[in-house]
Each structure stands twice: as C-alpha cells, then as structure tokens.
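Starting from 1, each residue takes its place in the sequence as its number. Just so you know, these numbers come straight off a predicted model, no measurement behind them.
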Amino acid sequence: MASSARDWIEKIRGLETDRPVRILNVCGGHERTLAAAGIRSLMPPNIRLIAGPGCPVCVCPEEDLYQLIRWAVAGEAIVVAFGDMLRVPVNAPKSEARSLEEAKAAGADVVAAASPRDAVEVARRNPDRPVIFHAVGFETTLAPISAAIVEGLPENLFLLMSGRLTWPIVAQLLASDDVNLEGLVAPGHVATIMGATEWAFVPQEHGVPAAVAGFTAESLLEAIYTVASRAIDGAADLSNCYSLAVRDDGNALARQMMQECFEVTDANWRGIGVIPNSGFELKEKYAAHDARRRFPVLETDRKRAGQMPAGCDCARVVMGRIAPNECVLYGAACTPRSPVGPCMVSDEGACRIWWSSGIRERAPGADAEASPGP
C-alpha cells in the first residue's frame, strides 16, 4: 500500500542529522502544493525547502515583452499571449503602456490565450491581419508549440520566441558559490517531455541527490524524503518518484518535434543575465514565421531596460537566494491586486503562490523600506 502524506512526514522527521539540508524545487506547480498544504511548516528545523526558477513568466526578458507591447500599440498586428503575461510590467515612461493589459485598455488588439491552438484560431479567423503569438514557456509549453508548427501555421501567424530550457539555470545555480544546495526536487512536467535522465547531471556533475516528483503532496514528500536521506548519507543519485507519468527518456515524439522546429541558443533571463544554451529560437526553415524578422524591432534608451522594476527583488527570489517574503515590496507595495514584479503576477510565481496561500507576513527586517499596500 502506498505511503500517505502523514507517513512521509513522519519519515522525514525521523531523519537524524545536525547539518542543514537545503532542497531546491524547480516548478511552480510544486511550489503551489508546498505552500497550499503548509508542508514547510511540517519540516524539521534543519530541512529547508527553497523555491527556485520554476516560473517562465518571471524570467521572460523584459525587452521581449516591451517589444510586444509596442507592436500591439502601433497596430502592427493582433497580439496573442498567455493570460499570465498580460499584467507583467515593463520599464517604460508613464506616458506609455507598461503592460499588455494597459495596451489593450488603450485600444490595442490583444487577445489572451490558454494554448498555442488559440493563437492558430485567432489567425484563421483574421486571415487579412497579421497575428503575433508570444511563445513563452519551458519545455512543457514549447512541446505543444512545436506540434502546432509541424502541423502547419497559418501564413499570417508569427511567433515571438521567449521559450527557455529548465536545466541550464539549475546547472548555473548548482555551480554558484552563494546558493548552497544539498538536494534537488526536479520538475515532473518537464521530465514527462525530456525524460528523468535529463537530471542525471545533478548527482553526476555536482554530487547532489535529485528526485523527479509529481504534484500531489505524497509524491513531493516522497521526493523530499528521498533526496534528504541521500544527502544525509552522503550519497548522490537520481530517483524517479513520478514513474506513473515520467519515463527515463521522456516523450520521444515531443522531443522530435521540438528538434524539428527549434535551435537551442544562448538566452537572456530577466534580471539574471545570459545563460548559455538555454533558449529556443525558430530554425531557419520556419523563419517566415519569425516575428522579429517580419516586424520592425525598436531600439530605445529606456531607463532600466531589461531589468526588474525599481525595488523589485524577483530575480533573487527566482534564483532561490531569498524567500518571497524577504523582498521589501512583498505584501506592501506589491500584491496580486497591484503587482510590481512578475513573481507576484504569474500563477507560477513564488510571490503570488505564497501570498495566495495565506503567507502574508513579511520576514523580519523585510519591511524597513516598504510602503503601505492597497
């Protein structure tokens, strides 16, 4: 009989160590389960669960979003974007729209989408107008986008590519000397596409145990117990705690379609910088659907171009360097009703997840410069 969440918590509490065990998760879905179930509060004091870079909206380059807003405002095309992207702010003068939502309110033709299919449908319903789809997301989103491309895009549909690979940012974190990690809970959704073995580099190259987890409390707790016990024993290996959905080699057809459509290139992550081999671009054979080649790319001298908004600490939250409630803006100047940074906008952003799960108090010392909330 499978172990219950209570069983796994008792096993975790039974682990004996005086050393800290810091475990990073890489998925907004995992973070949502951890926060909603209050799992952190049930951990022994020496086991710390760290929210990591699991939000593609949060790391989307500010320049890409600014460009998309400008195309929308100029009437260059109908702009289609995932709903989470509409409220993400960019750094722009007050006289300009600072989000796709503001651009839409000002009269731009902006459409919220739930999947790439929605963008295809918008293009087919408007054959006389160009349509730009913002292709943002990790492997789990890029796989269905590649399927739509392989099936054949309408001639009037263009893609602004902002997709990212997950493992390179984890590799960068593990190689850094300011975020010490003893374990990794690997993202189950990404592993269904890319395979569990994509995360084998974590134990092999960094000596850190890793476990692929599903999205129930039981699966997450099994993964936490697995990596914590391995770390305490001084062992480093890869475990698959989501074997019902994840195979070692992932989904071969999905990976084949992604390889058919995309080149892997160096890519910029908002507030973090360029990470080698971490982004997706359209292959040359699909260049006719590349929005950057079809529409004029604007050059501006905006203040803080490419950066987070002033005072926003989303980049350090994404990289696990601080907890969401350690940002001076958390719950004060920045709330889901009035977000300052992307982590408070997206359903996969750690700040929004924590706030929506009832974590309203800021960490000690985090309120020194914060202003009252709405």
Separation of I322 CD1 from R316 CZ (nearest 0.5 Å): 4.5 Å
Would you call E121 and R124 a salt bridge, using N to O less than 4.0 angstrom? yes
If I compare all heavy atoms of R230 with all of P209, which pair ends up nearest, and what's the gap? CB-CB, 3.6 Å
Heavy-atom neighbours of R304 CZ exceed 12 at 6.0 Å: yes
Is it true that E182 and R22 make a salt bridge, defined as a side-chain N closer than 4.0 Å to a carboxylate O? yes
Could you list the residues that satisfy side-chain contact (heavy atoms from CB on, under 4.5 Å) with T17, not counting sequence neighbours? R19, V21, N46, I232
Nearest 0.5 Å, please: how far is CE in M194 from CE in M258? 5.0 Å
So, taking the atom named CD1 in I353 and the one named SG in C343, what distance separates them when rounded to the nearest 0.5 Å? 9.5 Å
Let me check something: any side-chain donor-acceptor pairs from residues 143-153 under 3.5 Å, sequence neighbours excluded? List them with distances.
| residue | atom | partner | partner atom | Å |
| --- | --- | --- | --- | --- |
| S146 | OG | L142 | O | 3.4 |
| S146 | OG | A143 | O | 2.6 |
| E151 | OE1 | R117 | NH1 | 2.7 |
| E151 | OE2 | R117 | NH2 | 3.2 |

Do Y242 and E222 meet the criterion of a side-chain donor-acceptor pair at a distance under 3.5 Å? no
What heavy-atom pair brings G214 and S219 nearest, and what distance separates the two atoms? N-OG, 2.7 Å
Ignoring hydrogens, what is the shortest heavy-atom contact between Q172 and I275? Give both atom names and the distance. OE1-CG1, 3.5 Å
Please assess D313 against V328 for the test side-chain contact (heavy atoms from CB on, under 4.5 Å), listing each intermediate value before the final yes or no. CA-CA 8 Å; D313 233 345; V328 296; over 6 Å; no
Determine, for R302 against E62, whether the closest basic-nitrogen to carboxylate-oxygen distance falls under 4.0 angstrom. yes
Applying a strict under-4.5 Å side-chain criterion to I, L, V, M, F, W and Y, I'd like to know whether V136 and L157 cluster together. yes
Applying ring-ring contact (aromatic ring centres under 6.0 Å, His included), can you list everything that pairs with H189, at least two apart in sequence or on another chain? F215
Chi angles and distances behind the side-chain contact (heavy atoms from CB on, under 4.5 Å) call for D109, R129: CA-CA 11 Å; D109 210 341; R129 296 188 62 190; 2.7 Å; yes
Are K285 and E260 ion-paired here, with the side-chain N under 4.0 Å from a carboxylate O? yes
Atom of N268, atom of V274 and distance for their closest heavy-atom approach: OD1-N, 3.8 Å
Would you kindly confirm whether I23 and I12 end up in one hydrophobic cluster when ILVMFWY residues are joined by side chain heavy atoms under 4.5 Å apart? yes
Distance-minimising heavy-atom pair for T192 and A245: CG2-O, 3.7 Å
Who are the ring-ring contact (aromatic ring centres under 6.0 Å, His included) partners of Y225, not counting sequence neighbours? W8
Determine whether L165 and N277 satisfy the following criterion, side-chain contact (heavy atoms from CB on, under 4.5 Å), listing intermediate values before the conclusion. CA-CA 8 Å; L165 280 157; N277 298 318; 5.7 Å; no
So OG1 of T335 and CZ of R360: to nearest 0.5 Å the spacing works out to 9.0 Å
Taking atom CD of E263 as the centre, report whether more than 12 heavy atoms of other residues, nucleotides or ligands fall under 6.0 Å from it. yes
Consider only side-chain N and O atoms of E31 and N25, and report whether a donor and an acceptor are under 3.5 Å apart. yes
In sequence, state the C-alpha distance, the side-chain angles, and the governing distance for R352 and V345, and then conclude on side-chain contact (heavy atoms from CB on, under 4.5 Å). CA-CA 6 Å; R352 185 183 180 104; V345 176; 5.6 Å; no
When you group the ILVMFWY residues by side-chain heavy-atom contacts below 4.5 Å and let the links chain together, are L160 and V90 in the same group? yes
Shortest non-hydrogen contact from L220 to A213? CD2-CB, 4.0 Å
Which pairs pass ring-ring contact (aromatic ring centres under 6.0 Å, His included) with one or both residues in residues 46-85, sequence neighbours excluded? W71-F295, F82-F133
ring-ring contact (aromatic ring centres under 6.0 Å, His included) with W354: which residues, sequence neighbours excluded? none
CZ/R40 to CG/L42 distance, rounded to the nearest 0.5 angstrom? 11.5 Å
Under a 4.0 Å N-O cut-off, is there an ion pair linking R70 with E96? yes
Tell me whether the rings of F158 and H289 are parallel (<30°), tilted (30 to 60°) or perpendicular (>60°). tilted
Between CD1 on residue I69 and CG on residue L298, distance to nearest 0.5 Å: 11.5 Å
